[in-house]
Amino acid sequence: MEIKPDSLAFSLIGAAQAVAYVLEGTALPQALARVFAQTNASPQARGAIQDISYRTMRQVGRVDALLTLMTSKPPEPALLYSLMCCALTLIVKEEGQEPPYEDFIVVDQAVNAAASSSHMVFAKGMVNAILRRFLREQTELLATVMKQPAALWNYPQWWIDQCKAAYPQDWQAILRSGNQPPPLTLRVNRRQISVTDYLALLEQQQMAATQIGPFAVRLAKPVPVLQIPGFESGMVSVQDAAAQLAATLLDVQDGMRVLDACAAPGGKTGHLLELADIDLLALDSDPKRVERIHENLARLKLFATIKTGDAGKANWWDGQVFDRILADVPCTASGIVRRHPDIRWLRRKMDAVQLAASSARLLDNLWLMLKPEGKLLLVTCSIWPMESEAQAAAFVLRHGAIRLDAPGQLLPQLDGNNDHDGLFYALFQKPAV
Ligand SMILES: C[S@@+](CC[C@H](N)C(=O)[O-])C[C@H]1O[C@@H](n2cnc3c(N)ncnc32)[C@H](O)[C@@H]1O
C-alpha cells in the first residue's frame with residue numbers, strides 16, 4: 001500500500017525508524033538525520049517526524065509496559081515495535097496536554113503505516129487490534145502499568161533509583177521536569193543589541209517573551225531557530241538560562257588569555273567573547289563538532305583561535321599559561337534530559353563513573369596550564385554527584401585548589417521566571433606561588 005508523504009502514516013514510519021535507531025544506541029538527533037537522509041520528507045513532514053519521535057522518547061517506559069501487558073512477546077521486527085510505541089504515545093493521554101491527533105486517526109494511520117512496509121504488512125491486523133484494545137481498556141491497562149516506576153515516571157529503573165538516592169527530597173520534581181518539553185531561551189549578544197531593545201523587537205513582531213537572566217530571554221512559544229528574529233545575523237543565540245551563568249562566573253576581563261577547553265559547539269565560547277575583549281583559544285577533541293564552533297562564531301561575528309585537540313594532552317599548547325580556563329567537561333548530560341529525552345534510554349548506570357574518571361584526567365592536565373591566581377571553572381550538565389560535587393571535592397584534595405563562590409549543583413527548574421536545566425558549577429583558584 002502506498003502512503004502519501006504528507007500523511008500521518010508517513011510521519012509515523014519516519015518516527016518509528018528514528019526511535020528504532022535510538023533503541024539500537026544512536027542519539028536521537030543523529031537518528032533523525034539518518035531518517036531525513038533516507039526519505040525526501042517535506043519540511044512539514046520532518047517537523048511531524050521530529051515531534052512524534054521526541055514525544056515517544058518521553059513515553060517509552062509507559063508504552064513499553066503497555067505493550068508487554070497486551071502482547072505475549074515484544075512485536076518484531078524492531079521497526080514494528082517502534083511503530084507501536086509511536087502510535088501508543090499519540091493516544092496515551094498526558095495530564096494537562098492536548099492530544100496532538102484524534103485517536104481514530106492515529107489508529108487508522110498506524111495500520112496504513114504497517115501496511116505500507118513489506119516488513120510489517122503481515123502485522124497490520126495486530127496493530128489495529130492492540131491500539132483499539134488500548135482505547136477500549138485504557139483505564140484498567142494504565143492503572144496496571146502505573147504500578148511500575150519505569151512506566152509511571154518514564155525513566156529506566158536504575159535512573160529512578162539513582163535520582164532518589166541522590167535527592168531524597170527533590171527526586172520526583174527532577175524526574176517530572178525531565179518529561180516536560182523545554183522552553184526556548186535565548187542569549188542576547190550584547191555586542192549587537194541590548195536586552196531591552198531586543199525585547200522591543202520581539203514585541204514589534206508580536207512574539208511574547210520574558211527576560212529571565214541578565215542576557216536571557218525566554219520566548220512564550222518556541223519557534224524554529226530560523227524564525228527567531230536576529231538569529232541569523234548573530235543578535236541572539238539559543239542557550240538555556242543556567243548555561244548562561246558560565247561566562248559570567250569565569251569573570252573574564254579585557255586582555256586576558258582564556259582557554260575554553262571543551263568548547264564545541266561553541267555556546268559558551270560565544271558568550272565569553274560577547275562579554276570581554278579576550279585572547280581566546282577554543283579547543284575540542286571532536287573535529288566535526290569543531291566545525292560548529294567556526295559556524296557559531298562566524299554567525300556572531302566574533303573571533304577566537306580554534307583548535308582540534310585533547311584537553312588531556314599538551315600537544316596543542318604553546319606553553320603560555322592562561323588567566324582563565326573553562327572546563328565544560330563531557331558528562332552523562334543527566335541534567336538536560338528535557339532537551340534530550342533519548343539520553344535516559346541511551347545511558348548505562350556505569351557511564352557516570354567512567355565519564356568522571358576521564359574528566360578528572362582532563363582537569364588535572366588543565367590545572368598545569370593555569371596561571372597562579374588564575375581561575376578554572378568546572379561545568380557539567382549532570383545531576384549525578386559522581387560527576388559534579390564528588391569530582392570537585394576530589395579535585396580540591398588532589399591540587400590544593402582554592403574553591404571560590406559558585407552555585408554548585410543547580411537542579412532543573414520548571415518554575416516560570418526561574419526556568420533552567422540542571423547544571424553544576426565549581427570555581428577554583430590556583431594559589432599564588
Ligand atoms: C558539554 S560539551 C561542551 C559544550 C560547549 N562548552 C558549549 O557550551 O557549547 C563537551 C565537549 O567536550 C568535548 N570533549 C570530549 N572529550 C574531550 C577532550 N578529551 N578534549 C577536548 N574536548 C573534549 C566533546 O567533543 C564536547 O564537544
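R403 has its side chain out of reach of L427: every pair of non-hydrogen atoms, C-beta onward, lies at least 4.5 Å apart. A heavy-atom distance below 4.5 Å is not found between the side chains of V329 and V379. Proximity of P214 to T248: side-chain heavy atoms (C-beta onward) are nowhere separated by under 4.5 Å. Contact of the Y167 side chain with the I383 side chain is registered, since non-hydrogen atoms from C-beta on lie closer than 4.5 Å. Side chains of M369 and V321 form no contact here, defined as non-hydrogen atoms less than 4.5 Å apart. Using a 4.5 Å heavy-atom cutoff, the side chains of F424 and L410 are not in contact. Using a 4.5 Å heavy-atom threshold, the side chains of H420 and P412 count as separate. Inter-residue side-chain proximity for T68 and V145 is flagged as unmet; no heavy-atom pair is nearer than 4.5 Å.
Closest heavy-atom contact between V19 and C86: CG2-SG, 3.9 Å. Across all non-hydrogen atoms, the minimal contact from A241 to A216 is CB-CB, 4.4 Å. Minimum interatomic distance between P330 and S359 (heavy atoms only, all atoms of both residues): O-OG, 3.3 Å. Considering all non-hydrogen atoms of both residues, A264 and V290 come closest at CB-N, 4.2 Å. Of all non-hydrogen atoms in C163 and I174, the two that sit nearest each other are SG-CG2, 3.9 Å. In terms of heavy atoms, D251 sits closest to R324 at O-NE, 3.1 Å.
In this structure a side-chain-to-backbone donor-acceptor pair under 3.5 Å is missing from Y425 to L377. Side-chain atoms of D342 never come within 3.5 Å of backbone atoms of A27 as a donor-acceptor pair (strictly under, hydrogens ignored). Side chain of T71 to backbone of P74: no donor-acceptor contact under 3.5 angstrom is found. Looking only at distances, a side-chain donor or acceptor of Q391 sits under 3.5 Å from a matching main-chain atom of A356. Judged by distance alone, with hydrogens and angles left aside, the side-chain atoms of N296 form a donor-acceptor pair with the main-chain N or O of P265 at under 3.5 Å. For the pair D351 (side chain) and R348 (backbone), a donor-acceptor distance under 3.5 Å is present. A donor-acceptor contact shorter than 3.5 Å is absent between the side chain of T26 and the backbone of V22.
Ion pairing between D318 and R257 holds under the 4.0 Å rule for side-chain N and carboxylate O. Using a 4.0 Å cut-off between charged side-chain N and carboxylate O, D277 and R191 make a salt bridge. Using a cutoff of 4.0 Å between basic side-chain nitrogens and carboxylate oxygens, D310 and R361 are scored as salt-bridged. Using a 4.0 Å cut-off between a side-chain N of Lys or Arg and a carboxylate O of Asp or Glu, R338 and D240 qualify as a salt bridge.
Shown here is M386, whose CE atom has no more than 12 heavy atoms of other residues, nucleotides or ligands within 6.0 Å. Other residues, nucleotides and ligands contribute only 12 or fewer heavy atoms inside 6.0 Å of the CG atom of D405. The neighbour count for Q44 CD, taken as heavy atoms of other residues, nucleotides or ligands under 6.0 Å away, does not exceed 12. Atom CD of Q172 has more than 12 heavy atoms from other residues, nucleotides or ligands within 6.0 Å. Residue K313 places its NZ atom among 12 or fewer non-hydrogen atoms of other residues, nucleotides or ligands, all under 6.0 Å distant. The 12-atom threshold is not exceeded at CZ of R292, counting heavy atoms of other residues, nucleotides or ligands nearer than 6.0 Å. Heavy atoms of other residues, nucleotides or ligands lying less than 6.0 angstrom from CD of Q205 number more than 12. More than 12 heavy atoms of other residues, nucleotides or ligands shown are found within 6.0 angstrom of NZ on K301.
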ask   = Between S382 and E387, is a side-chain hydrogen bond (donor to acceptor under 3.5 Å, both in side chains) present by the stated rule, with each step listed?
value = CA-CA 7 Å; S382 174; E387 298 179 278; 2.5 Å; yes

request  = Start with the C-alpha gap between V92 and L66, add the side-chain angles, then the distance that decides, and say whether side chain to side chain contact (heavy atoms under 4.5 Å, CB included) holds.
outcome  = CA-CA 10 Å; V92 171; L66 285 167; 3.9 Å; yes

task = Step by step, work out the side chain to side chain contact (heavy atoms under 4.5 Å, CB included) result for F303 and D279.
result = CA-CA 9 Å; F303 177 80; D279 175 8; over 6 Å; no

message = Using the rule given for ring pair (Phe, Tyr, Trp, His ring centres under 6.0 Å), can you reason through W367 versus F395, listing the C-alpha separation, both sets of side-chain angles and the distance that settles it, and then say yes or no?
response = CA-CA 10 Å; W367 193 242; F395 183 77; 5.1 Å; yes

request  = Kindly determine whether Q239 and T185 satisfy side chain to side chain contact (heavy atoms under 4.5 Å, CB included), including the steps that lead there.
outcome  = CA-CA 6 Å; Q239 191 176 45; T185 308; over 6 Å; no

request  = Could you check V188 against M235 for side chain to side chain contact (heavy atoms under 4.5 Å, CB included), going step by step and ending with a plain yes or no?
outcome  = CA-CA 6 Å; V188 176; M235 225 181 252; over 6 Å; no

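Both tests hold for K164 against W171: distance to the six-membered ring centre under 6.0 Å, angle to the ring axis within 45°. A cation-pi contact links R46 to F36, judged by a cut-off of 6.0 Å to the six-membered ring centre and 45° from its axis. The cationic atom of R34 (NZ for Lys, CZ for Arg) lies less than 6.0 Å from the six-membered ring centre of Y21 and within 45° of the ring axis.
The side chain to side chain contact (heavy atoms under 4.5 Å, CB included) test applied to I402 returns L404, Q429, P431, not counting sequence neighbours.
F428 and H399 have their aromatic ring centers separated by at least 6.0 angstrom.
Going from atom SG of C381 over to atom CG of L423 covers 6.0 Å, rounded to the nearest 0.5 Å.
With L273 as the fixed residue, the side chain to side chain contact (heavy atoms under 4.5 Å, CB included) test singles out one of L300, I278, D260: I278.
A donor-acceptor contact closer than 3.5 angstrom is absent between the side chains of N189 and Y198. No hydrogens or angles considered: a donor-acceptor pair under 3.5 Å links the side chains of R299 and S237. For the residue pair R176/N154, the side-chain donor-acceptor check at 3.5 Å is not satisfied.
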